[in-house]
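Presented below is the structure to which this report refers.
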Amino acid sequence: MTDFKPTSDFLAVLQERGFIHQCSDMSGLDALAREGKAVGYIGFDCTAPSLHVGSLVQIMMLHWLQQTGNKAIALMGGGTTMVGDPSGRDETRRILTVEDIQSNKRGIFSVFSRFLNFGDGPRDAITIDNAEWLTTLNWIEMLRDVGRHFSVNRMLSMDSVRMRLERDQEMSFIEFNYMILQAYDFTVLARRLGCNLQMGGSDQWGNIVNGIDLGRRMGTHQLYAVTTPLITTASGAKMGKTAAGAVWLNADQMPPYGYWQFWRNTEDADVARFLKLFTTLPMGEIARLMALQGAEINAAKIMLATEATALLHGREAAEAAAETARKTFEEGTLAADLPTIVVSGAEIAAGLGLLSAFVKAGIVASTGEARRQIKSGGLRLNDALVTDERAALVAGDFNADGIAKLSMGKKKHVLLKRA
RNA sequence: GGGGGAAUGUCCCGAGCGGCAAAGGGGGCGGACUGUAAAUCCGCUGGCUAAGCCUUCGCAGGUUCGAGUCCUGCUUCCCCCA
């Protein structure tokens, strides 16, 4: 894959930034993209109310497709989600209700407008829901037009199916059909919108290639596939899982400050790779940051955090998060932007125990955990180590603005605001 | 349809002669060292009004002073035979 020298901006960018894992035909796709004639889509499941960073590579790929003068389509899997993709899954997926899928779809879509410019113009990105054509399919027609092109022998040999069978894990007929629907999507998009490229994670390779085959048999123009590598951290962990759970893209589930922190805490070994994948900084700038050594790498991490946050939440929110972090970590002063919990004055007057205060702030899950953390010296009130688990908050703990800072460890800080 | 297994700490994996808040991992959290990194070392990893009390081993009963452990029924999953 690295021998190929793309002449199109699109593939050149993808290649130099490390997006390409597999491609069905680099030179064919390159020729299209050079003319601005690549019309690419990526399908997104509507299984959760928000996408998380695991999908960010894909979103960035669509972003670059549009930025390099091609057409990007964000396909919402309103229809396929009703079926459930077995890829990479050990267990049968939970079947979601139609209402859940609809509300998930809305949550997911809100993220795309940050990365793509939608509209009616030829260069504008569009979004479409495959429920539009999948839900009205006629079973017999489908079998005759599409089903006959699929070999069950081959379907059984696909990774997603084979692994289930080998482990004697249940796979329902509904899931078995998923790959047919995804392949069909590709041909529908090809006919309706002139789509000629499907992108996705490496686990989607089989499904995408199936679509290319189906397209050929059903007489569409030539279709292409590009997949991204599976993004893991240098330590081998899956991207996007933190203590608090998944790193969501929607602000109501992961505020900008938390999102910024996620990137700020990137391992050294990942910084260069992530800068290329998750920011739009020019390669020259990235090269400069990559040259940093030792503690200086922190500057690159701050850059990564701010740029990645700016893409998702806007420049202003990103700068605010960076400033909050700077005050909190470098100056050790109070930054108003930290997560804040409001408590009533009455509650404090009644003698709010410190243990409960930490629970209330969401820093620990129970007073028991708070006690344990105190024993191992992990809790601080206004930067002073908490040693007495029987202590209660007093008026003097709040500053002139009625704020007290609760911290656990070096990174977790929550402000308690007296109402 | 017949026969045989399995389900354990609400993150996961997994031991568990009738005395068990239940071995051991992984993961996670905190501490030390650092650079808000990695690696390493140490501690913690049911709840509470906490020298006590309460709730946990698929579900419901039963035997027993005492049940994760024994018995009965049920649920779900797996294997073999048909």
Side-chain angles (χ1 to χ4, degrees), chain A residues 52 89-92 94 163-172 232-247 257-275 289-290 292-306 308-309 321-333 335 337-339 347 350-381 383-392 405-414:
Chain A
H52 53 78
R89 279 303 188 112
D90 281 353
E91 309 161 14
T92 302
R94 193 165 66 92
M163 283 165 58
R164 285 276 195 90
L165 295 179
E166 278 174 2
R167 294 187 206 164
D168 283 313
Q169 277 156 345
E170 182 73 15
M171 172 152 194
S172 69
T232 55
T233 68
S235 310
K238 260 185 214 153
M239 257 305 265
K241 295 285 183 192
T242 67
V247 178
Y257 176 72
Y259 190 72
W260 194 93
Q261 281 297 326
F262 167 73
W263 293 107
R264 175 64 182 83
N265 286 313
T266 299
E267 291 177 36
D268 285 10
D270 289 323
V271 174
R273 198 159 47 104
F274 288 0
L275 278 168
L289 292 169
M290 281 163 63
L292 297 174
Q293 291 298 317
E296 291 182 332
I297 290 176
N298 283 323
K301 290 184 188 178
I302 290 169
M303 199 68 163
L304 168 64
T306 304
T309 306
E323 179 60 14
T324 296
R326 198 185 60 77
K327 279 187 184 161
T328 307
F329 287 96
E330 289 174 31
E331 293 179 6
T333 54
D337 201 35
L338 287 171
E347 218 169 341
L352 179 60
L354 210 43
L355 295 177
S356 328
F358 274 96
V359 175
K360 212 173 174 56
I363 292 178
V364 293
S366 65
T367 58
E369 188 187 346
R371 281 171 217 269
R372 287 193 293 271
Q373 288 296 353
I374 288 173
K375 277 198 193 100
S376 49
L379 296 188
R380 284 164 193 276
L381 167 62
D383 297 318
L385 204 59
V386 177
T387 51
D388 179 12
E389 57 179 53
R390 311 186 83 104
K405 183 167 80 167
L406 302 181
S407 318
M408 177 165 83
K410 279 173 281 193
K411 297 179 188 174
K412 234 171 266 170
H413 306 280
V414 173

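Note that these values count all heavy atoms, side chains included, but never hydrogens, waters or copies made by symmetry. Protein chains get the first letters and strands the later ones, always in sequence-line order, with residue 1 at the start of each.
- When both pairing distances are held under 3.5 Å, B/A21 makes no Watson-Crick or G-U pair with any nucleotide shown.
- Taking atom C1' in both B/A82 and B/C65, one finds a spacing of 49 Å when rounded to whole Å.
- Closest approach to the A/Met408 side chain among B/A38, B/G30, B/U36 is made by B/G30 (side chain taken as heavy atoms from C-beta onward).
- At a threshold of 4.0 angstrom between heavy atoms, the contacts of A/Thr328 with the nucleic acid are absent.
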Between protein and nucleotides 45-47 of chain B, what N or O pairs are separated by less than 3.5 Å?
{"unit_1": "B/G47", "atom_1": "OP1", "unit_2": "A/Ser366", "atom_2": "OG", "d": "2.9"}
{"unit_1": "B/G47", "atom_1": "OP2", "unit_2": "A/Arg372", "atom_2": "NH1", "d": "3.3"}

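- Atom pair A/Trp263:CH2 and B/A37:C1' shows a separation of 15 Å (rounding to whole Å applied).
- For A/Thr328, there are no side-chain hydrogen bond (donor to acceptor under 3.5 Å, both in side chains) partners, not counting sequence neighbours.
- Applying the salt bridge (Lys or Arg N to Asp or Glu O under 4.0 Å) rule to A/Glu296 yields no partners; only residues at least two apart in sequence or on another chain are considered.
- Look at CZ on A/Arg326: it is 19 Å from P on B/G35, rounded to the nearest Å.
- Checking B/C44 for Watson-Crick or G-U wobble geometry (two distances, each under 3.5 Å) identifies B/G28 as its partner.
- Every pair passing salt bridge (Lys or Arg N to Asp or Glu O under 4.0 Å) that includes a residue from residues 365-376 of chain A is listed here, sequence neighbours excluded: A/Arg371-A/Glu389.
- For the side-chain contact (heavy atoms from CB on, under 4.5 Å) test, residues two or more places apart in sequence or in another chain that qualify with A/Ala321 are A/Tyr257, A/Trp260.
- Separation of atoms NZ (A/Lys301) and CG (A/Leu289) is listed at 13.0 Å; rounding is to 0.5 Å.
- Both A/Asn298 and A/Arg380 lie near RNA chain B, and the one whose nearest nucleotide falls closer to the 5' end is A/Arg380.
- Contact between the side-chain N/O atoms of A/Lys411 and the OP1/OP2 oxygens of B/A37 is found at a separation under 4.0 Å.
- Between the C1' atom of B/A50 and the CG atom of A/Leu355 lies a distance of 11 Å, rounded to the nearest Å.
- Pairing partner, B/A39: none, since no Watson-Crick or wobble contact has both distances short of 3.5 Å.
- When the C1' atom is used for both B/C70 and B/G19, the distance is 15 Å, rounded to whole Å.
- In this structure, the CZ atom of A/Phe329 is 5 Å from the C1' atom of B/U36, given to the nearest Å.
- In this structure, the separation between CE on A/Met303 and CG on A/Leu292 is 10.5 Å, given to the nearest 0.5 Å.
- Pairing partner, B/G1: B/C81, with both Watson-Crick or wobble hydrogen-bond distances short of 3.5 Å.
- For B/G2 and B/C71, the C1' atoms lie 24 Å apart once the distance is rounded to whole Å.
- In this structure, the CZ atom of A/Phe274 is 16 Å from the P atom of B/A37, given to the nearest Å.
- Atom pair A/Phe262:CZ and B/U36:P shows a separation of 19 Å (rounding to whole Å applied).
- A gap of 16 Å separates the P atoms of B/A22 and B/U56, to the nearest Å.
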Show your reasoning for whether salt bridge (Lys or Arg N to Asp or Glu O under 4.0 Å) applies to A/Arg380 and A/Asp383. CA-CA 5 Å; A/Arg380 284 164 193 276; A/Asp383 297 318; over 6 Å; no
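- B/A21 and B/C53: their P atoms are spaced 12 Å apart (whole Å).
- The same atom, C1', is picked in B/C12 and in B/G1; the two are 37 Å apart, to the nearest Å.
- The side chain of A/Gln373 has B/C29 as its nearest neighbour among B/U36, B/A50, B/C29.
- For B/C70, the glycosidic angle deviates from 0 by more than 90°, giving an anti base.
- For A/Glu389 and B/U49, the CD to C1' distance is 13 Å, given to the nearest whole Å.
- You'll find that the side chain of A/Lys412 is closest to B/C29, out of B/U36, B/C29, B/G35.
- Residues A/Arg264 and A/Gly377 both approach RNA chain B. Their nearest nucleotides, taken by heavy-atom distance, put A/Gly377 toward the 5′ side.
- Counting only heavy atoms from C-beta on, A/Lys301 has its side chain closest to B/G35 among B/C29, B/G35, B/U36.
- One can place CD of A/Gln293 at 18 Å from P of B/A38, the figure rounded to the nearest angstrom.
- Counting only heavy atoms from C-beta outward, the side chains of A/Phe329 and A/His413 approach each other to under 4.5 Å.
- For A/Val386, the side-chain contact (heavy atoms from CB on, under 4.5 Å) partners are A/Leu354, A/Phe358, A/Ile374, A/Leu379, A/Leu381, not counting sequence neighbours.
- When the nucleotides B/A37, B/U49, B/G30 are ranked by their closest atom to the side chain of A/Arg371, B/U49 comes out on top.
- The gap from the C1' atom of B/U76 to that of B/G66 amounts to 30 Å, rounded to the nearest Å.
- Under the Watson-Crick or G-U wobble criterion, with both distances below 3.5 Å, B/A7 is paired with B/U75.
- With both ends at atom P, the span from B/G14 to B/A50 equals 38 Å, rounded to whole Å.
- A/Glu296 comes within 4.0 angstrom of nothing in the nucleic acid, heavy atoms only.
- Side-chain contact annotation: A/Asn265 with A/Lys411, donor-acceptor N/O pair under 3.5 Å present.
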